[in-house]
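Okay, so here's the structure we're looking at.
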Amino acid sequence: MKLSQGIRMAWKSILANKLRTVLSMLGILIGVATVIALVAMGQGSANEVSSQLKGLGTNMLSVNITGRGSDTTLSLPQAETLGDGVGGIEGLSPTVSGSVTARYGSKQTESAVTVEGVTPDYEDVQSFHPQSGRFIAPIDLTAYNKVAVLGVDTSEELFGAGVSPVGETILLNGVKYKVVGLLEPKGTSLTGSNDEKIIIPITTAQRMFQSAGVRTVSLKVATVDQMSAVTAQLETKLTEIFRGNTNAYRVTNQEDLKETVTSVSKTMSTMMAGVACISLVVGGIGIMNIMLVSVTERTREIGIRKSLGAKRRDVLFQFLVEAVTISSLGGLLGIACAYGACLIMTAYFATATQIELQVVLYAFLFSAAVGVLFGLFPANKAASLRPVDALRHD
Amino acid sequence: MKRDKRKAGDGALEERIGDGTRADAASAERHEEALLSIRDVRKSYRMAGEEVQILNGVNLHIPRGDFVAIIGPSGSGKSTLMNMIGCLDTPTSGSYRLDGIEVKGLSDNRLAEVRNRKIGFIFQSFHLLPRLSAFENVELPLVYRGLAAKERKAAAETALAKVGLQDRMHHRPNQLSGGQMQRVAIARALAGEPPILLADEPTGALDTKTGADVLGLMEQLNSQGHTIVLITHDLDVAARAKRTVFMKDGLLSEERGGRT
């Protein structure tokens with residue numbers, strides 16, 4: 001007996017019991033849909049994380065000074081020369097940061113705003129560019145100029161939407177600063193909003209926060225491959241500066257961060273998919289149950305087929321094809337449901353999803369395999385019926 | 001095995017199955033020439049731990065072209081004999097040769113093959129598959145023989161024409177009358193051109209008139225050369241056959257028409 005014939009026969013008996021078939025394939029359907037949707041959600045959030053990190057720059061290193069006291073701070077000249085002699089560094093930008101309340105006329109920011117004291121290199125290293133006005137210039141550092149570049153959200157809060165703040169004067173902790181530039185909007189990343197900040201010269205910031213040292217140095221590495229080499233060299237240098245006190249600093253790598261976050265979200269989604277697989281097994285049991293009922297109901301049919309010359313394997317094949325047809329049909333409907341669910345999640349719940357073709361293929365093959373596995377026992381039961389007994393059955 | 005030529009297939013089967021037993025030179029001459037030859041066949045079942053003897057050494061020889069009725073009261077063992085003749089069951093002891101093949105000791109698969117090629121079943125309650133059309137029912141034995149769709153179609157159409165149902169081909173059994181259903185069943189039995197037609201109470205579920213029609217059809221088929229074995233408890237039905245044998249307590253005795 002050929003496969004096409006087997007499928008036609010299976011289709012006939014499925015059509016004869018539509019409701020029952022649909023109910024028995026429900027388990028597989030839900031299982032497949034859940035597995036695909038969960039993996040898609042996991043993949044979607046991993047993608048989101050990695051694109052956010054990409055916004056920060058995957059080739060970024062940051063050195064954080066965690067130590068206290070005069071022994072364990074990095075002075076500005078030290079910070080600016082940190083990259084000297086280390087190959088592969090494209091740019092370096094020391095930062096001093098703190099938070100202030102900003103005021104323009106009678107308007108005041110609702111909460112404290114982050115102020116970053118930076119060098120002119122910050123513009124290229126962190127790729128923050130002014131959309132109007134200018135960025136911090138070297139002269140601002142040497143002259144301790146009280147000038148500020150605003151993020152778009154902060155500017156909007158103080159001046160209102162669409163109003164250029166350039167040329168105006170604002171008060172930061174009561175001190176007058178002249179606004180010289182407005183940054184391009186950069187959106188939100190893992191570290192929070194990039195548009196809610198005020199940038200001033202680093203020397204001015206050191207005075208404002210009364211700190212001599214630099215707490216953060218961001219470095220841009222030429223290529224991602226050089227990250228670990230650069231990290232190692234920086235660590236050597238820092239150990240030297242801090243006389244072996246390795247607790248005084250920390251070098252963080254965006255790439256590592258991304259890998260950690262991605263692997264966490266992948267592990268989560270794999271675990272959930274594993275749980276969903278259990279429902280596939282339960283679905284398989286449902287199919288086995290219905291196939292056993294079907295074999296009992298159709299005992300006489302089996303007897304007739306055998307009397308006409310159906311061999312053991314013909315009957316086995318017939319019932320196996322039926323089980324696989326039910327389970328893979330459930331699988332196909334499950335795939336359709338997963339696509340639907342992902343569309344809805346993305347459209348209405350702003351959940352990022354990405355369905356991978358590979359996962360769809362595996363889920364489908366798994367559902368077909370469930371049909372074979374759980375169809376085997378009922379089919380074998382049908383095939384081993386003795387024709388004499390089967391014919392007499394009513 | 002090549003399967004696209006039915007005749008060639010038959011030959012190959014005979015060769016394969018027959019080889020081992022053909023050397024059985026001790027067989028009587030009659031045993032050799034008969035289409036169906038049963039010698040000293042016994043069948044016993046274990047029921048609730050007790051051995052129950054159903055057939056006690058049955059002998060029956062049916063030559064090609066014969067029309068034999070086996071009659072007997074219920075419990076006489078005629079169903080068991082029918083199952084034996086139909087290769088649905090195998091004897092406990094004795095010998096059963098069908099068209100040159102020793103049936104005793106064949107595996108389930110080979111029995112299925114013998115049923116498919118050598119026997120056309122006609123059942124009391126028709127035993128048509130309700131979800132298939134008349135045509136699909138008739139072609140079913142040919143599906144299991146592994147024939148291509150074109151050959152099946154030709155054979156099934158010929159068989160349906162023989163029983164006068166060529167215009168009912170695509171009706172389901174529930175759209176046919178009892179007589180028509182039995183005709184479809186007969187067409188199904190004929191489709192594979194088996195050497196023997198085995199009918200088990202073929203008129204049992206029909207009224208007198210349609211029953212007579214069906215018997216008329218069987219007589220006609222016999223006159224065209226089909227060998228028919230008819231199992232019944234009805235003497236009037238048995239009277240239509242060329243020859244009658246009587247079954248009682250697991251033994252056969254010749255009633256009329258010839259040799260045992």
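Below, read A as the first sequence line, B as the second, and so on, with proteins coming before strands; counting in each chain starts at 1.
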* To do: Under 4.5 Å heavy-atom distance to chain A, tell me which part of B/S125 shows up: side chain, backbone, both or neither.
  => side chain
* Structure fact -> On a heavy-atom basis, the closest approach of A/Q5 and B/R152 is NE2-NH2, 2.8 Å
* Any side-chain heavy atom of A/K311 within less than 4.5 Å of one from B/N116? -> no
* To do: For atom OH of A/Y339, decide whether the heavy atoms of other residues, nucleotides or ligands shown that lie under 6.0 angstrom number more than 12.
  => yes
* CZ/A/R305 to CG/B/L140 distance, rounded to the nearest 0.5 angstrom? -> 5.0 Å
* Using a 4.5 Å cut-off on heavy atoms from C-beta on, say whether the side chain of A/M9 contacts that of B/L129. => no
* Asked: Under a 4.5 Å heavy-atom cut-off, does chain A meet the side chain of B/D108, its backbone, both or neither?
  -> neither
* **Non-hydrogen side-chain atoms of B/D89 and A/R386 separated by less than 4.5 Å** => yes
* Hey, is CE on A/M268 packed in by over 12 heavy atoms from elsewhere, all under 6.0 Å? -> no
* Neighbour count above 12 (heavy atom, 6.0 Å) for A/L15 CG -> yes
* **More than 12 heavy atoms from other groups under 6.0 Å of CD on B/E51** => yes
* Pick one of side chain, backbone, both or neither for A/L391, based on which atoms fall under 4.5 Å of a heavy atom in chain B. => both
* For the residue pair A/K12 and B/L132, what are the closest heavy atoms and their distance? -> CD-CD2, 3.8 Å
* Asked: Can you find a heavy atom in the side chain of A/S307 that is under 4.5 Å from one in the side chain of B/H127?
  -> no
* How close do A/A310 and B/A112 get, heavy atom to heavy atom, and via which atoms? -> O-CB, 3.7 Å
